[in-house]
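Data first, discussion second: the structure below is written as structure tokens.
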Amino acid sequence: MLGYCTLAGLLASIVISGLLFSLDFISKTPPGTFFAVIGSSLGFYDSNTSPYVGLLLHFATGTVAGNLLGQGGIFWNRLIPFGLRRGTILGVITGISLWLVLFLPLTAYVIQPKLDMFNFSAPNQYVFVIAQHFQGLNAVVVIGSFFFHIIYGIILGLIAGRLIELKH
């Protein structure tokens, strides 16, 4: 079960990352701009490195969240995402928890302050352009990310629930 939930977390984060790349296309920003925000907020200012650091951290976070769902099921049977319905419910709870516990604090206390600082003193033009693009969009990002985390949870729960169901 733990392996299925971990795999489901990775797959769900890959799907969500693909959707985030499509937002770059729609908003006519360079591919990986969302992930570059993560990377540059952590001190990776190079345009060739920053998006990849953010993307890898995004994959890692989604994978760990799936793993934590599986660990919860090991210790408490009510948290086993068995079947599509139960898996989806537990997945959505996981996605919203991830948004509350990780995304909101990181956005409020690390990423947004860094973006605000980069609007006045960026280490290079690449980071300045990214900061300018997100200026004034904090509420849109926070609300939009809530829905992305729900979608992540649905995908996580559907995959984990179905894999566990097939095993039994």
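Side-chain atoms are counted along with the backbone in the values below, which use heavy atoms only and exclude waters and symmetry mates.
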(Q) Checking Thr107 against Asn138 for the side chain to side chain contact (heavy atoms under 4.5 Å, CB included) test, could you report, in this order, the C-alpha distance in whole Å, the side-chain angles of both residues, the deciding distance, and whether it holds? (A) CA-CA 9 Å; Thr107 299; Asn138 191 42; 3.6 Å; yes

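- Legend: residues meeting ring pair (Phe, Tyr, Trp, His ring centres under 6.0 Å) with Phe128, ordered by chain and number and at least two apart, are absent.
- Using a 4.5 Å heavy-atom cutoff, the side chains of Met117 and Gln112 are not in contact.
- A continuous path of hydrophobic side-chain contacts links Leu163 to Val15 [ILVMFWY only; heavy atoms under 4.5 Å].
- Of the N and O atoms on the side chains of Ser13 and His58, not one donor lies less than 3.5 Å from an acceptor on the other residue.
- Remark: Ile150 CD1 to Leu98 CG distance equals 12.0 Å, nearest 0.5 Å.
- The OG1 atom of Thr94 lies 12.0 Å from the CD1 atom of Ile154; values are rounded to the nearest 0.5 Å.
- A 4.5 Å side-chain heavy-atom check between Trp99 and Ser145 finds at least one atom pair inside the cut-off.
- A continuous path of ILVMFWY side-chain contacts below 4.5 Å connects Phe147 to Val140, so both sit in one hydrophobic cluster.
- Side chain of Ser50 to backbone of Ala36: a donor-acceptor contact under 3.5 angstrom is found.
- The shortest distance between side-chain heavy atoms of Thr33 and Leu23 does not fall below 4.5 Å.
- By the 4.5 Å heavy-atom criterion applied to side chains, Leu19 and Ile16 are counted as neighbours.
- Remark: Tyr45 OH to Asn124 CG distance equals 9.0 Å, nearest 0.5 Å.
- In this structure the side chain of His149 never reaches within 4.5 angstrom of the side chain of Leu100, judged on heavy atoms.
- Annotation: side chain of Phe118 is not in contact with side chain of Ile130 (no heavy-atom distance under 4.5 Å).
- Looking at heavy atoms from C-beta onward, Asp46 lies out of side-chain contact with Tyr126 at the 4.5 angstrom threshold.
- Surrounding OH of Tyr52 are at most 12 heavy atoms belonging to other residues, nucleotides or ligands under 6.0 Å away.
- The NZ atom of Lys114 lies 13.5 Å from the CG atom of Asn119; values are rounded to the nearest 0.5 Å.
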Please table the atom pairs, donor to acceptor, closer than 3.5 Å between any side-chain atom in residues 64-77 and protein atoms at least two apart or in another chain.
| residue | atom | partner | partner atom | Å |
| --- | --- | --- | --- | --- |
| Asn67 | OD1 | Gln71 | NE2 | 2.3 |
| Asn67 | ND2 | Thr6 | OG1 | 3.0 |

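- In terms of the ring pair (Phe, Tyr, Trp, His ring centres under 6.0 Å) criterion, residue partners of Phe21 (sequence neighbours excluded) are, by chain and number, Phe35.
- Arg162 places no side-chain N or O within 3.5 Å of a backbone atom of Gly83 that could act as its donor or acceptor partner.
- Counting heavy atoms from C-beta outward, Ile93 and Ile89 have side chains that approach closer than 4.5 Å.
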